[in-house]
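I have placed the structure first, in the form of structure tokens, so that the comments after it can refer back to it.
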Amino acid sequence: MSETHADERETYDPAALQAKWLPVWEALDPFRADDALVDAGEREKRYALTMFPYPSGDLHMGHAEVTALHDVLARYWWQRGYEVLNPIGWDSFGLPAENAAIKRDEHPATYTYANIETQAGSFRTYGLSFDWSRRLHTSDPEYYRWTQWLFLRFRERGLAYRKASPVNWCPNDQTVLANEQVVDGACERCGAVVTKRELTQWYFRVTEYAQRLLDDMTQLEGRWPERVLTLQRNWIGRSEGAHVDFDLHLADGTTRVVTVYTTRPDTLFGATFMVVAADAKLAAEVVAPEQADALAAYLEETRKASDIDRLATDRPKTGVPLGITVTNPVNGEQLDVWASDYVLADYGTGAVMGVPAHDQRDLDFAKAMGLPVRRVIDTGADDPAETFVATTGDGTYVSSGPLDGLSDKAAGIRTILERLEADGTGRGAVNFRLRDWLLSRQRFWGAPIPIVHCPDCGEVPVPDDQLPVVLPDLKGADLKPKGSSPLAAARDWVEVPCPACGGPGERDTDTMDTFVDSSWYYLRYCSPGFTDGAFDPADLKRWGPVDQYVGGVEHAVLHLLYSRFFTKVLHDMGLLDFTEPFTSLLNQGVVINQGKKMSKSLGNGVNLGEQLDEFGVDAVRLTLVFAGPPEDNIDWADVSPSGSLKFLARAWRLAGDVTSEPGTDPARGDVALRRVTHRTLHETEALLEGMRFNVVVARTMELVNATRKAIDSGCGPADPAVREAAEAVAVLLSLVAPYTAEEMWERLGHEPTVARAGWPAVDEALLVEESVTAVVQVQGKVKARLEVAPDVSEADLEAAALADPAVVAAIGDKSVRKVIVRAPKLVNLVVG
RNA sequence: GCCCCCGUGUCCCAACCGGCAGAGGAAGCCGUCUUAAAAACGGCGUGGUGCGGGUUCGAGUCCCGCCGGGGGCACCA
């Protein structure tokens with residue numbers, strides 16, 4: 001026997017299996033999603049999507065993990081009889097390719113498409129169940145034609161517009177960034193400290209959808225990770241408050257109205273000053289002439305301060321007086337107006353009322369400037385004017401006119417709002433932290449913005465039939481960042497006739513943020529090759545929305561928020577019948593090594609290619625899936641690819657040991673083994689639905705162990721139950737280790753492919769145990785175990801428990817006060 | 001400063017609604033086979049679930065307070 005094993009082990013060669021089966025699968029093409037089968041109602045659809053990769057170099061450990069996890073579910077759905085759409089493509093516009101092109105003096109497409117081919121080859125070897133026929137690249141003109149088309153549709157609806165405003169500027173990448181791409185004051189991509197610039201840029205009006213982006217999260221509750229929902233909620237940042245109008249008295253004797261936004265209108269009687277954002281237009285407009293120089297100097301100072309400095313919480317408050325006053329609408333008091341950088345120009349109205357007693361920031365400012373502090377809510381705490389600790393809790397209103405005596409914040413707010421509304425000086429208001437999405441970039445390798453600027457007609461959209469606006473052929477040095485788009489230098493590309501009047505015009509020279517490309521790619525997969533629009537609504541009716549999306553949490557407020565926005569807009573355009581693109585979301589963990597993120601400087605990187613060479617595709621995939629819950633990080637130092645390889649060889653060997661013929665009826669097989677097989681299949685169904693893939697692997701290992709035991713020391717290799725078990729192992733492994741599973745399937749006498757063999761039917765009768773062990777507890781401590789029938793009645797179980805000698809002894813002379821029976825598993829006796 | 005998640009054997013991890021704490025793997029040790037080793041096969045698991053309280057007949061699981069780790073937000077008025 002051992003000799004046979006040794007010989008067989010010689011032939012378990014992962015590399016040979018890969019070489020053998022890959023071409024067979026390529027020929028069979030078993031994972032092509034068939035529209036017709038879904039339309040005919042023969043199969044129910046499932047849309048499985050993994051976040052498409054960026055083509056930088058070859059695949060790495062992260063790609064291996066996310067796709068291995070994703071593939072388990074996609075393959076399970078196929079086995080369960082669904083028609084599965086599981087497409088793949090590349091997010092192939094972007095800076096790394098452009099930077100590489102500059103370095104190598106070539107076109108970014110050279111680097112991009114070479115990497116795509118490398119990655120595609122690696123994905124194929126990796127044995128993923130992708131439908132390759134729908135492959136797309138966002139940098140293909142056939143793709144970005146529709147990105148441009150969508151931009152124009154958004155613009156028609158007033159959702160894409162151009163405005164001048166201070167924007168985030170990355171001095172290293174020489175381009176503007178969206179708010180979402182600035183992390184802790186630094187560029188999300190390169191880490192350079194972000195500065196501000198006043199520029200005219202294109203925006204998507206995401207803020208118009210803020211409320212719906214918030215409301216529709218109820219659809220995602222329980223299906224998206226809670227922390228992603230929390231992140232998005234915080235990012236959208238809805239707050240309720242009021243707009244309050246103050247009369248502002250200009251130096252020239254005229255008056256204008258300035259509105260502030262506040263969440264605490266009930267503290268209006270405590271306002272002792274007003275602060276305007278130093279960089280807001282308002283400040284420059286209202287400043288008294290004698291203070292204009294001071295404001296300009298201050299502004300210069302704050303511009304130099306980076307966002308990093310601004311973020312420091314202990315940063316002292318600074319500001320300048322504007323030499324003017326406003327009138328508090330509720331009590332007629334004259335308040336000085338200041339300019340400061342602690343007030344943000346682009347939130348609310350860019351102006352706030354200073355209530356130092358009840359807002360710490362205002363209090364810090366008042367302290368720095370020597371401004372009065374007036375308490376209007378007595379919370380029982382010491383007076384903020386003395387402690388310099390603002391009180392923000394509930395208390396009794398004092399010195400607050402109509403509010404005096406009230407002691408409830410909600411009532412205070414309601415009362416003051418009624419008063420303001422009656423006077424016409426204020427009203428309830430809602431504000432969002434979310435800003436519009438700045439989409440233009442001063443870089444080359446992206447989709448050109450399809451607009452022509454005409455001196456006579458202004459912004460003119462490029463007509464649909466002239467799309468795509470194709471990138472000019474620039475390379476190398478032409479792409480060097482110079483603070484304006486490299487496209488601007490391509491004069492013969494820029495200069496075009498105005499599509500409206502035919503006069504001389506110039507193309508917009510910015511390109512779109514690559515997040516625009518990825519905001520709709522999941523729609524294009526459903527309509528590859530469609531030429532009358534970005535996608536065919538009928539295709540989306542069939543496949544949409546995505547049932548399961550798998551990818552990293554780093555996109556929580558970037559890609560995922562933008563995609564939700566796009567979906568809602570397209571829904572409003574009547575092109576989609578759903579409002580949320582991704583029904584269910586899984587954020588996989590990251591692969592680390594020795595407790596730390598892999599990095600070159602630490603030298604702890606694990607090379608995917610080397611792991612695949614050493615252990616084979618299946619063992620690496622199995623290791624990643626088995627390591628732990630999918631959302632947990634995987635420390636490569638904690639896992640054992642060699643252990644995975646050992647297990648796969650063990651499973652594979654089972655198939656060779658089976659001596660019964662294919663098609664043997666398992667009904668006459670060993671019942672004990674059959675029970676294990678069917679219980680395993682039954683349990684793994686629930687585990688797979690719940691994405692507990694690591695436990696699925698553990699259950700499969702148990703089944704392999706049980707089958708091994710049956711062959712060696714149980715019913716023997718000829719028993720039909722052994723065949724049934726080995727075939728179940730092959731199907732289970734087809735989700736994780738496709739090559740090993742395929743080889744097992746062949747050795748068991750079947751035709752490829754095991755991936756489409758179908759999930760074995762579970763025999764309910766085999767899920768019921770012959771007998772179960774019931775425990776009998778006295779005072780919660782186990783005193784006896786009873787073998788009972790699974791369907792034992794509570795009364796019988798109780799009687800059996802009370803008759804057990806060990807139980808009788810444990811009770812002794814005490815009386816039984818209470819009996820808890822949970823048939824068939826437990827009896828607990830409370831005595832005393 | 002605020003919010004969220006996690007803490008189970010040497011390590012990675014299981015444990016449905018609260019119901020015998022231990023499924024699976026790694027490492028280690030012992031055995032069978034072997035001249036030997038490897039491989040294969042078989043065997044070996046008191047830590048009571050970070051700490052302290054509480055609820056309950058019964059708590060890893062629920063509640064409260066700590067400690068430790070991870071993540072997010074942070075002048076958003």
Side-chain angles (χ1 to χ4, degrees), chain A residues 1-6 8-10 184 225-231 233-235 237-239 241 260-264 267 275 277 310-315 317 340-344 346-355 358-362 364-365 431-435 553 556-557 622-623 626-629 631-635 637-644 646-647 649-650 653 683 686-687 690 692 694-705 708-709 712-713 773-785 817-820 822 825-832:
Chain A
M1 185 177 79
S2 58
E3 202 175 20
T4 325
H5 282 153
E8 281 166 358
R9 202 192 166 271
E10 289 290 312
D184 291 336
E226 192 50 50
R227 63 183 192 137
V228 174
L229 295 178
T230 305
L231 273 166
R233 239 176 243 120
N234 290 344
W235 191 261
R238 184 181 200 272
S239 88
V260 302
Y261 174 72
T262 176
T263 54
R264 295 297 303 273
T267 62
V275 188
R310 286 181 62 119
L311 287 170
T313 27
D314 53 353
R315 183 162 174 263
K317 294 278 185 289
S340 173
D341 65 354
Y342 87 90
V343 173
L344 306 174
D346 57 354
Y347 182 77
T349 60
V352 303
M353 62 184 201
V355 185
H358 307 296
D359 183 287
Q360 191 60 47
R361 297 154 301 183
D362 293 344
D364 292 343
F365 188 73
N431 244 304
F432 294 94
R433 211 188 83 109
L434 184 72
R435 308 296 205 275
V553 72
V557 291
L622 183 81
T623 302
F626 182 52
E631 56 277 8
D632 283 11
N633 288 347
I634 298 171
D635 192 332
D638 288 337
V639 297
S640 172
S642 62
S644 299
K646 209 162 93 178
F647 163 71
R650 200 169 138 81
R653 211 172 302 120
E683 281 182 24
L687 291 166
R692 317 256 319 282
N694 55 323
V695 188
V696 171
V697 174
R699 294 286 170 268
T700 307
M701 288 170 167
E702 284 181 77
L703 179 57
V704 168
N705 290 344
R708 180 81 262 151
K709 196 165 262 180
D712 289 348
S713 56
T773 306
V775 294
V776 185
Q777 301 176 327
V778 177
Q779 305 292 64
K781 293 199 169 53
V782 179
K783 294 296 177 188
R785 286 163 216 277
R817 301 170 66 102
K818 196 170 172 186
V819 183
I820 293 110
R822 291 287 177 274
K825 301 193 73 176
L826 175 130
V827 179
N828 189 15
L829 304 172
V830 186
V831 302

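Worth saying up front: this structure is predicted, and the values here are computed from it rather than measured. By convention in this document, chain letters (A, B, ...) are assigned in the order of the sequence lines, proteins followed by strands, and residues within each chain are numbered from 1.
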Quiz item: Does A:Arg233 have a side-chain nitrogen or oxygen under 4.0 Å from the phosphate oxygens OP1 or OP2 of B:G72?
Solution: no
Quiz item: Starting at the 5' end of RNA chain B, which residue's closest nucleotide do you reach first, A:Phe626 or A:Ala277?
Solution: A:Phe626
Exercise. Using both distances under 3.5 Å as the test, list the Watson-Crick or G-U wobble partner of B:C62, or none.
Key: B:G54
Quiz item: Below 4.0 angstrom from OP1 or OP2 of B:G43, is there any side-chain N or O of A:Lys709?
Solution: yes
Quiz item: How long is the line joining CG of A:Asp362 and P of B:A77, in whole Å?
Solution: 12 Å
Quiz item: Just wondering, do A:Phe626 and A:Val639 contact through their side chains at under 4.5 Å, heavy atoms?
Solution: no
Practice problem: When you get a sec, tell me which of B:A14, B:A40, B:C73 is the closest nucleotide to the side chain of A:Pro629? | Solution: B:A14
Quiz prompt | Touch class at under 4.0 angstrom, heavy-atom based, for A:Lys783 against every strand present | solution = nothing
Exercise. Look at the side chain of A:Val343 and decide which nucleotide, out of B:C75, B:G24, B:A77, has an atom nearest to it.
Key: B:A77
Practice problem: With heavy atoms under 4.0 Å as the rule, sort A:Arg433 into base, sugar-phosphate or nothing. | Solution: base
Quiz item: Using a cut-off of 4.0 Å on non-hydrogen atoms, how would the nucleic acid contact of A:Thr230 be classed: base, sugar-phosphate, or nothing?
Solution: nothing
Practice problem: May I have the distance from A:Trp235 (atom CH2) to B:G72 (atom P), rounded to whole angstrom? | Solution: 13 Å
Quiz item: NA contact type, A:Arg699, heavy-atom cut-off 4.0 Å: base, sugar-phosphate, or nothing?
Solution: base
Quiz item: Given the P atoms of B:G69 and B:U32, what is the spacing between them in whole Å?
Solution: 48 Å
Quiz item: Reckon A:Ile820 touches a base, only the sugar-phosphate, or nothing at all at heavy-atom distances under 4.0 Å?
Solution: base
Quiz item: What nucleic acid atoms does A:Val830 come within less than 4.0 Å of, heavy atoms only: base, sugar-phosphate, or nothing?
Solution: sugar-phosphate
Quiz item: If you measure from the P atom in B:G45 to the same atom in B:G24, how many Å do you get, rounded?
Solution: 12 Å
Quiz prompt | Flag for A:Asn705-A:Arg650: side-chain donor and acceptor within less than 3.5 Å | solution = yes
Quiz item: Looking only at atom P, what distance separates B:C5 and B:G65, rounded to whole Å?
Solution: 13 Å
Quiz item: Looking only at side-chain N and O atoms, does A:Asn694 come under 4.0 Å of OP1 or OP2 in B:A14?
Solution: yes
Quiz prompt | Residue matched to B:G1 through Watson-Crick or wobble contacts both under 3.5 angstrom | solution = B:C73
Quiz prompt | Minimum-distance nucleotide (side-chain atoms of A:Asp638 versus B:C12, B:G24, B:A77) | solution = B:C12
Self-check item: Separation of B:A77 C1' from A:Gln360 CD (nearest whole Å)
Solution: 13 Å
Quiz item: When all nucleic acid strands are considered with a 4.0 Å heavy-atom cut-off, which category describes A:Ser642: base, sugar-phosphate, or nothing?
Solution: nothing
Practice problem: Could you check if the base of B:C64 is syn or anti? Syn means the glycosidic torsion is within 90 degrees of 0. | Solution: anti
Quiz prompt | A:Ser239 side chain near B:A77 phosphate (N/O to OP1/OP2, under 4.0 Å) | solution = yes
Quiz item: When you compare B:G18 with B:U56, how far apart are their P atoms, in angstrom units rounded to a whole number?
Solution: 16 Å
Quiz prompt | C1'-based separation of B:C4 from B:C12 [nearest Å] | solution = 25 Å
Practice problem: May I have the distance from A:Leu687 (atom CG) to B:A14 (atom P), rounded to whole angstrom? | Solution: 11 Å
Quiz item: B:C62 and B:U49: how far apart are their C1' atoms, nearest whole angstrom?
Solution: 16 Å
Quiz item: With respect to the side chain of A:Tyr342, which nucleotide from B:C75, B:G42, B:G24 is positioned closest?
Solution: B:C75
Exercise. Identify, between A:Ala627 and A:Met701, the residue whose nearest nucleotide on RNA chain B lies closer to the 5' end.
Key: A:Ala627
Quiz item: Between B:G9 and B:G50, how far is it from one P atom to the other, in whole Å?
Solution: 8 Å
Exercise. May I ask you to say what A:Gln777 touches in the nucleic acid, namely base, sugar-phosphate or nothing, with a heavy-atom cut-off under 4.0 Å?
Key: base
Exercise. Using the six-membered ring of A:Phe365, assess whether NZ or CZ of A:Lys317 lies under 6.0 Å from its centre and within 45 degrees of the ring axis.
Key: no
Quiz item: Is any side-chain heavy atom of A:Gln777 closer than 4.5 Å to a side-chain heavy atom of A:Ile820?
Solution: no
Quiz item: With side chains defined as the heavy atoms from C-beta onward, is the minimum distance between A:Val830 and A:Gln779 less than 4.5 Å?
Solution: yes
Exercise. Could you check which of B:G19, B:A14, B:C75 has an atom nearest any side-chain atom of A:Val695?
Key: B:A14
Self-check item: A:Arg264 side chain reached by A:Asp359 side chain, heavy atoms, under 4.5 Å
Solution: no
Practice problem: Give, for atom CZ of A:Arg433 and atom CH2 of A:Trp235, the distance between the pair rounded to the nearest 0.5 Å. | Solution: 5.0 Å
Quiz item: Touch check for A:Asn705, heavy atoms < 4.0 angstrom, all strands: base, sugar-phosphate only, or nothing?
Solution: sugar-phosphate
Exercise. Provide the closest heavy-atom pair for A:Gly350 versus A:Val343 in the form atom of the first, atom of the second, distance.
Key: O-CG1, 3.6 Å
Quiz item: Just by distance, do the side chain of A:Arg435 and the backbone of A:Asp346 share a donor-acceptor pair under 3.5 Å?
Solution: yes
Practice problem: Mind calculating the distance between CE (A:Met353) and P (B:A77) to the nearest angstrom? | Solution: 12 Å
Quiz item: So what's B:C16 paired with, Watson-Crick or G-U wobble, going by both distances under 3.5 Å?
Solution: none
Quiz item: Counting any heavy atom closer than 4.0 Å, what does A:Asp635 reach on the DNA or RNA strands: base, sugar-phosphate only, or nothing?
Solution: nothing
Practice problem: Hunt down the Watson-Crick or G-U wobble partner of B:A27, both distances under 3.5 Å, from any strand shown, or write none. | Solution: none
Quiz prompt | Under-4.0 Å side-chain N/O to phosphate OP1/OP2 contact, A:Lys818 with B:C57 | solution = yes
Practice problem: Could you tell me whether the phosphate oxygens of B:C57, OP1 or OP2, come under 4.0 Å of any side-chain nitrogen or oxygen in A:Arg822? | Solution: no
Exercise. Classify the nucleic acid contact of A:Arg238 as base, sugar-phosphate or nothing, counting any heavy atom under 4.0 Å across all strands shown.
Key: nothing
Practice problem: Using the C1' atom on both, measure B:A23 against B:A14 and round to a whole Å. | Solution: 5 Å
Exercise. For B:A26, take OP1 and OP2 only and decide whether either is under 4.0 Å from a side-chain N or O of A:Lys646.
Key: yes
